[in-house]
There are 2 protein chains.
Amino acid sequence: MTRHDPASVPVPVVPSRVGDSAQCVALGQIIDRVADKWAVMTIGNLSTGSLRFNELMRRIPGVSHRMLTLTLRGLQRDGIVDRTAFATVPPRVDYALTELGKSLIEPLGALARWAESKQDQVLAARANYDTRMNP
Amino acid sequence: MTRHDPASVPVPVVPSRVGDSAQCVALGQIIDRVADKWAVMTIGNLSTGSLRFNELMRRIPGVSHRMLTLTLRGLQRDGIVDRTAFATVPPRVDYALTELGKSLIEPLGALARWAESKQDQVLAARANYDTRMNP
DNA sequence: CTGCATCCAAGGTGATACTG
DNA sequence: CAGTATCACCTTGGATGCAG
């Protein structure tokens, strides 16, 4: 029966101040927003420069009008995306990453690269698990 | 394939082969699984060694019995977490990261560190946005 | 073109109780 | 202790129509 001594264990990946659950909750909220599928794809596409709404829509396969709107609102609210509207007709709105948003490119890119490079292993494990549980 | 000139556009964060939407969808699925709030916290806590079910439950603030079960199932299915059951009484089950799971520590840690270090900026932006939209 | 509101179906979530 | 099942809830997401 391994009795873990809190002082002996290395720093966990998630810097969990276990005693401060509010801290963890806040972290969870941010991770939820930032690691959302649509958010990842949106940020990924904006990482190379600003784009208009429909350009984003065309580049993100499967995203609905509504979800892209909501995602952009959330990212804008969190200071990750900057929205610039031009009072032209037809209207034109540019979305771009803020400095805060740009600082997300690296960690999010690492995650995306992981997903890409390990995709085969994950899918294989998934298929294997499924056949073993449902032969 | 994209008509963008590769030389003029840096590699996007999400390596989007825009023409191959199936690729993006698969990436999205994996990111959805792996970047889930509970999954991040679970992996984070397992990054320092194996833990039993209730140990995980105690360490992850706010997670319900059910969600931890489902999260662990999903991670096990994807080959990220290894489950070892001991036929003792009372039963004992250890959860540990597989090699695949360990390879997630770095990218996920980067994301968690980002969330921690930028937390203040995000919360400030959020509060600012809210007061401007709802004075 | 962009964005918001509404409706509606579908799936996720928590509480609870029960089995091995 | 670990896991499953059921249920009631409620958030999520897509489709659509309309407004700026």
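Lettering of chains follows the sequences in order, A, B, ..., and the numbering in each one begins at 1.
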Please list each protein N or O that sits under 3.5 Å from an N or O in nucleotides 14-20 of chain D, with the distance.
residue : atom : partner : partner atom : Å
D:dG14  : OP2  : A:Ser64 : OG           : 2.8
D:dG14  : N7   : A:Arg66 : NE           : 3.4
D:dG14  : O6   : A:Arg66 : NH1          : 3.3

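A:Phe86 comes within 4.0 angstrom of nothing in the nucleic acid, heavy atoms only.
Residue whose closest nucleotide on DNA chain D sits further toward the 5' end, between A:Asp36 and B:Phe53: B:Phe53. Checking A:Pro90 against B:Pro90, the closest nucleotide of DNA chain C that is more toward the 5' end is the one next to A:Pro90.
Note: the hydrophobic cluster containing B:Leu123 does not contain A:Val34 (ILVMFWY, side chain heavy atoms under 4.5 Å, direct or indirect links).
Overall bending of the helix from C:dC1-D:dG20 to C:dG20-D:dC1, expressed as the angle between end axes built from five pairs apiece, is 40° (10° steps).
For the OP1/OP2 pair of D:dG3 and a distance below 4.0 Å, the side-chain nitrogens and oxygens of B:Tyr95 include at least one atom meeting the criterion.
At least one donor-acceptor pair closer than 3.5 Å links the side chain of A:Asp36 to the backbone N or O of A:Ala39. Remark: side-chain polar atoms of A:Thr98 are paired, donor with acceptor, to backbone N or O of A:Gly79 under 3.5 angstrom. Judged purely by atom type and a 3.5 angstrom limit, B:Asn45 uses its side chain to pair as donor or acceptor with the backbone of B:Met41.
Looking at residues two or more places apart in sequence or on another chain, you find a side chain to side chain donor-acceptor pair (under 3.5 Å) between A:Asp94 and A:Arg92. Listed by chain and residue number, nothing satisfies the side-chain contact (heavy atoms from CB on, under 4.5 Å) test with A:Ala87 (two or more places apart in sequence, or in another chain). Not counting sequence neighbours, B:Arg66 has no partner by the salt bridge (Lys or Arg N to Asp or Glu O under 4.0 Å) test. A search for side-chain contact (heavy atoms from CB on, under 4.5 Å) contacts involving B:Asn128 returns B:Thr131, B:Arg132, not counting sequence neighbours. Looking at residues two or more places apart in sequence or on another chain, you find a side chain to side chain donor-acceptor pair (under 3.5 Å) between B:Trp114 and A:Ser103. Taking A:Arg33 as the reference, A:Arg77, A:Asp78 meet the side-chain contact (heavy atoms from CB on, under 4.5 Å) condition, with sequence neighbours excluded.
Shown for residues 69-77 of chain A: residues whose heavy atoms fall under 4.0 angstrom of DNA chain C, namely A:Thr69, A:Arg73.
Contact footprint of chain B on DNA chain C: nucleotides with an atom under 4.0 Å from a non-hydrogen protein atom, first to last in 5' to 3' order, C:dT13 to C:dG20.
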Using a 3.5 Å cut-off and no angle test, enumerate the donor-acceptor pairs between side-chain atoms of residues 69-76 of chain A and protein atoms at least two apart in sequence or in another chain.
residue : atom : partner : partner atom : Å
A:Thr69 : OG1  : A:His65 : O            : 2.9
A:Thr71 : OG1  : A:Met67 : O            : 2.7
A:Arg73 : NH1  : A:Gln76 : OE1          : 3.2

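Taking atom NZ of residue A:Lys37 and atom C1' of nucleotide D:dT12, one finds them 12 Å apart after rounding to whole Å.
Sorted pairs that involve residues 81-100 of chain B and meet ring pair (Phe, Tyr, Trp, His ring centres under 6.0 Å), not counting sequence neighbours, are lacking altogether.
Between A:Ile105 and A:Ser47, the shortest heavy-atom distance links the atoms CD1-CB, 3.6 Å.
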